[in-house]
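This report concerns only the one structure given below.
All values reported here derive from a predicted model rather than from experimental measurement. What you see below is based on every heavy atom in this structure, not just the backbone, and it leaves out hydrogens, waters and symmetry mates. Letters A, B, ... mirror the listed sequences (proteins, then strands); counts begin at 1.
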2 protein chains.
Amino acid sequence: MLARVSSTPSFKRLPRAVREQQMLDAAVKVFSRRGFHAASMDEIAEDAGISKPMVYAYLGTKEELFIACLHRETARMVLAIAGAAAPDLPPDQRLWRGLRAFFGFVGAHRDGWAVLYRQARGSQPFAAELAAMRARLVDVVAGMLDHALRARGREVAATELEVVAYALVGASESLADWLADHPEAEPEKTATRMMNVAWLGAAQLLDGVTWRPPAD
Amino acid sequence: MLARVSSTPSFKRLPRAVREQQMLDAAVKVFSRRGFHAASMDEIAEDAGISKPMVYAYLGTKEELFIACLHRETARMVLAIAGAAAPDLPPDQRLWRGLRAFFGFVGAHRDGWAVLYRQARGSQPFAAELAAMRARLVDVVAGMLDHALRARGREVAATELEVVAYALVGASESLADWLADHPEAEPEKTATRMMNVAWLGAAQLLDGVTWRPPAD
DNA sequence: GCGTAACCTTACGCACGAGTAGGTATGCTC
DNA sequence: GAGCATACCTACTCGTGCGTAAGGTTACGC
């Protein structure tokens, strides 16, 4: 009414695409800090430097907004890992590169990742979303195992593979959580440790066998 | 006022301890089905066959109630696993028994476990609670590894052990989630698969080496 | 220079559910 | 069988925060 030019002297009108990204940035930040429920649309809007109805106009309801966050972050992560694929390498190399990319990504997006995915695990509407993306990862890992097995002339039931892949993915997620909680930890080192336990197994670790990252 | 004897013809007055257990049962059920936030105290009260103020009188606020659920379920789980300890067995035996007990418990408390712990991961107030109990598990596993290592005259930094233990616990939790989502799956079998990946590692699995449960 | 469409605001309605006030019945003790 | 503690109820208050109605303001095309 009266105080109009209070906050920003010249207040920029920005095109939709830009504002949407700002909003998503803010949303990820606030959802991370507060958790889905405790986060308020007002705070997100304020953090984005915009007013609430704009958020509704562009990204829809709170749930839709959260899902949009999930999608963007997931896409980024998949992209980061996809670059490390190289399907013609031996399995240990592929596993190593995948893990390195994964932990590298998490390390670079600590607050983003951790709480976002921790959130998504819980509440019904997002669990499906999250499960879908986890399934993609599991499929990739299972496919890798299957590929390696066939190359050795062996074959294993799909369920069996899925469960093993699931365990590996789960272990990685846990270590990702650990990484997100320990700001001083190095992603590369964490990936190496994960590689050790996943590739070698506890029996060999106890016997002093260790796996070390290749020169590259 | 008028409809008093509607629900239960003879309505029993029960001692506090009994009612508290009924309330906790109901709370676990409702929290599981709906998630922490979506669960309403009214629904919990109704499910327990009691009115809301009783819940407040006995178990306190919604948060306190949830924490009470967590504590009870955690205690039950620790108890179930503790019985399988046997510290003088070789490490593979100990790991196997621990895993079997763990998955057995989860299989027997499917709705209880899954959503309760999935919930707790997310929201701030409970994360601490959950982290504490997870830390106990991690310590146990790390201690086991340390014990085994010393017996072989080797020694490893505590952080190193912790991370490996963390990965193992994480993988188990993931498979527990998987188990909770697949009603047809057998706990024993799941434990075996977990044992395979944890003890042997991917490299040996690919080579066709498998671990099989002992006759016991 | 003027319309119009996109951008952006303030200010509110409204539902929902946590937590409570105050009162009633029941059993146990002496 | 009076008294007292404990179990239990109905019926509210009230904060909080999602989602929206209705209206300003700036840029851009013509």
Side-chain angles (χ1 to χ4, degrees), chain A residues 1-24 26-27 30-31 33-69 119 123-126, chain B residues 1-24 26-27 30-31 33-69 119 123-126:
Chain A
M1 222 169 243
L2 44 94
R4 188 52 197 290
V5 201
S6 59
S7 49
T8 332
S10 73
F11 86 82
K12 284 290 172 200
R13 279 166 105 75
L14 296 174
R16 176 167 184 154
V18 176
R19 273 277 131 87
E20 278 182 349
Q21 292 308 312
Q22 293 179 346
M23 289 177 189
L24 287 175
V30 175
F31 281 137
R33 199 165 35 218
R34 305 256 189 253
F36 174 76
H37 176 232
S40 80
M41 293 299 266
D42 293 274
E43 185 177 356
I44 291 170
E46 187 187 342
D47 196 289
I50 215 71
S51 74
K52 196 167 48 157
M54 287 310 297
V55 182
Y56 280 90
Y58 285 173
L59 278 324
T61 64
K62 193 180 181 185
E63 278 196 9
E64 289 166 346
L65 174 59
F66 188 84
I67 289 182
C69 291
Q119 287 306 321
S123 317
Q124 259 76 36
F126 316 130
Chain B
M1 219 170 245
L2 43 93
R4 189 55 195 290
V5 201
S6 58
S7 49
T8 333
S10 71
F11 86 84
K12 284 290 172 200
R13 278 167 106 75
L14 296 173
R16 177 168 183 154
V18 176
R19 272 278 131 87
E20 278 181 348
Q21 292 308 310
Q22 294 179 344
M23 290 176 187
L24 286 175
V30 175
F31 281 137
R33 200 167 31 219
R34 306 255 190 251
F36 175 76
H37 176 231
S40 80
M41 293 298 266
D42 293 273
E43 184 177 358
I44 291 171
E46 188 186 342
D47 196 287
I50 215 70
S51 74
K52 196 166 48 158
M54 288 309 298
V55 182
Y56 279 89
Y58 285 173
L59 278 326
T61 64
K62 192 179 181 185
E63 277 196 9
E64 289 166 346
L65 175 60
F66 187 84
I67 290 182
C69 290
Q119 288 305 321
S123 318
Q124 258 77 37
F126 316 129

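- In this structure, His37(A) atom NE2 and dC16(C) atom P are separated by 14 Å, rounded to whole Å.
- Residue Met54(A) is in base contact, counting any heavy-atom pair closer than 4.0 Å across all strands shown.
- The CG-C1' distance, from Leu65(A) to dG19(D), rounds to 13 Å in whole Å.
- Among the atoms of the strands shown, only primed sugar atoms or phosphate atoms (P, OP1, OP2) are found under 4.0 Å from some heavy atom of Ala39(B).
- In this structure, Ile50(B) places its CD1 atom 4 Å from P of dC9(D), rounding to the nearest Å.
- What separates CZ of Phe36(A) from C1' of dG17(D) is a distance of 12 Å, to the nearest Å.
- DNA chain D is contacted by both Pro53(A) and Ala17(B); Ala17(B) maps to the nucleotide lying nearer its 5′ end (nearest heavy atom per residue).
- dC9(D) atom P lies 15 Å from atom OH of Tyr56(B), rounded to whole Å.
- Below the 3.5 angstrom threshold, one finds no donor paired with an acceptor across the side chain of Lys62(A) and the base of dG17(D).
- Where Thr61(A) and Arg16(B) meet DNA chain D, the nucleotide closest to each residue was compared, and Arg16(B) sits on the side nearer the 5' end.
- Nucleic acid contact class of Ser51(B) (heavy atoms, under 4.0 Å, all strands): base.
- You'll find the side chain of Met23(A) stays beyond 4.5 Å of the side chain of Ile44(A), heavy atoms only.
- Ring geometry for Phe36(A) against Phe126(A) counts as perpendicular: the plane angle is over 60°, on a 0 to 90° scale with 30° as the lower cut.
- Met23(B) places its CE atom 10 Å from the P atom of dA7(D), with the value rounded to the nearest Å.
- Gln119(B) places none of its side-chain heavy atoms less than 4.5 Å from the side chain of Phe31(B).
- Using modelled atom types, no side-chain atom of Glu43(A) and backbone atom of Ser40(A) make a donor-acceptor pair closer than 3.5 Å.
- Interface remark: the Arg13(B) side chain does form a donor-acceptor pair with the dA25(C) base, using a distance-only criterion of under 3.5 Å.
- Put simply, CZ on Phe31(B) is 13 Å from P on dG17(C), counting in whole angstrom units.
- For Glu46(A), the CD atom is loosely surrounded, since the number of other residues' heavy atoms within 6.0 Å does not exceed 12.
- Between Asp42(A) atom CG and dC8(C) atom P the separation is 18 Å, expressed in whole Å.
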